[in-house]
Amino acid sequence: SDSAMWTLTTVSGRCFTSRYLMNCSGYFDLFDPHIPEIPGMSEFKGQVVHTHKWQEDIAYEGRNVIIVGSGATAVTTAPALATKTKSLVLVQRSPSYIKEAPSHYPRWSLWWIACRMVNVGGLLYFLGR
């Protein structure tokens with residue numbers, strides 16, 4: 001638009017206008033995780049585990065492991081599994097770019113603002129009007 005602004009209207013009718021909009025709702029459904037239908041999966045003789053239903057007693061040490069997907073869970077799971085598996089393959093549709101977060105952010109930097117937004121429970125806050 002000419003104003004280069006986002007307008008967000010909530011279900012209650014309240015409007016927020018901002019230059020930036022960060023949707024921090026996530027993709028993951030806590031109660032009904034997405035398990036894709038992969039051709040040939042029914043013939044697979046190994047164990048299939050979704051990280052949503054991870055159990056501490058899963059025996060992956062010394063085994064060949066494949067992780068499907070490269071989201072936030074895979075980013076934290078893969079390095080931990082790689083230290084104990086025989087081999088680890090990560091299959092991804094689209095590569096992610098991940099950068100370490102500094103421990104301190106300059107006041108009013110985009111990182112600082114993003115952290116404040118996350119600290120309020122992922123609610124959308126408007127940045128400027």
Side-chain angles (χ1 to χ4, degrees):
S1 70
D2 292 334
S3 64
M5 301 286 278
W6 288 92
T7 301
L8 174 72
T9 306
T10 66
V11 291
S12 65
R14 190 169 175 194
C15 289
F16 296 93
T17 304
S18 67
R19 290 188 324 159
Y20 306 100
L21 176 66
M22 296 177 78
N23 181 0
C24 303
S25 62
Y27 169 74
F28 192 69
D29 184 337
L30 181 61
F31 301 105
D32 187 21
H34 174 68
I35 300 174
E37 292 184 26
I38 300 172
M41 194 163 153
S42 60
E43 288 85 40
F44 180 67
K45 302 294 182 210
Q47 185 177 12
V48 176
V49 178
H50 193 287
T51 53
H52 175 72
K53 296 181 180 182
W54 189 265
Q55 300 166 1
E56 292 300 319
D57 62 347
I58 296 173
Y60 58 87
E61 291 86 355
R63 299 179 81 178
N64 298 316
V65 175
I66 297 175
I67 296 177
V68 177
S70 59
T73 304
V75 168
T76 56
T77 305
L81 291 177
T83 63
K84 297 180 180 177
T85 59
K86 179 179 177 183
S87 69
L88 177 71
V89 174
L90 190 137
V91 180
Q92 63 183 9
R93 178 181 54 211
S94 303
S96 300
Y97 177 78
I98 297 162
K99 183 179 182 327
E100 66 185 72
S103 60
H104 178 73
Y105 313 104
R107 194 167 178 81
W108 297 110
S109 69
L110 287 178
W111 275 108
W112 186 87
I113 293 168
C115 286
R116 294 308 170 276
M117 291 174 69
V118 169
N119 287 339
V120 295
L123 297 175
L124 294 173
Y125 270 46
F126 61 97
L127 306 173
R129 273 197 175 229

field: Other ILVMFWY residues reachable from I58 by side-chain steps of under 4.5 Å
entry: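 Answer for I58: V49, W54, Y60, V65, I67, L81, L88, L90.
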- request: Could you tell me the separation between the CZ atom of R19 and the CE atom of M5, rounded to the nearest 0.5 Å?
  value: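 Reported value, rounded in 0.5 Å steps: 7.5 Å.
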Under the side chain to side chain donor-acceptor pair (under 3.5 Å) test, residues paired with S87 that sit two or more places apart: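 Result, side chain to side chain donor-acceptor pair (under 3.5 Å) vs S87: N64.
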query: Which pair of non-hydrogen atoms, one from A74 and one from G69, has the smallest distance, and what is that distance?
result: CB-O, 3.3 Å
message: List the residues meeting side chain to side chain contact (heavy atoms under 4.5 Å, CB included) with T76, not counting sequence neighbours, and say none if there are none.
response: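 Side chain to side chain contact (heavy atoms under 4.5 Å, CB included) check on T76 returns nothing, list empty.
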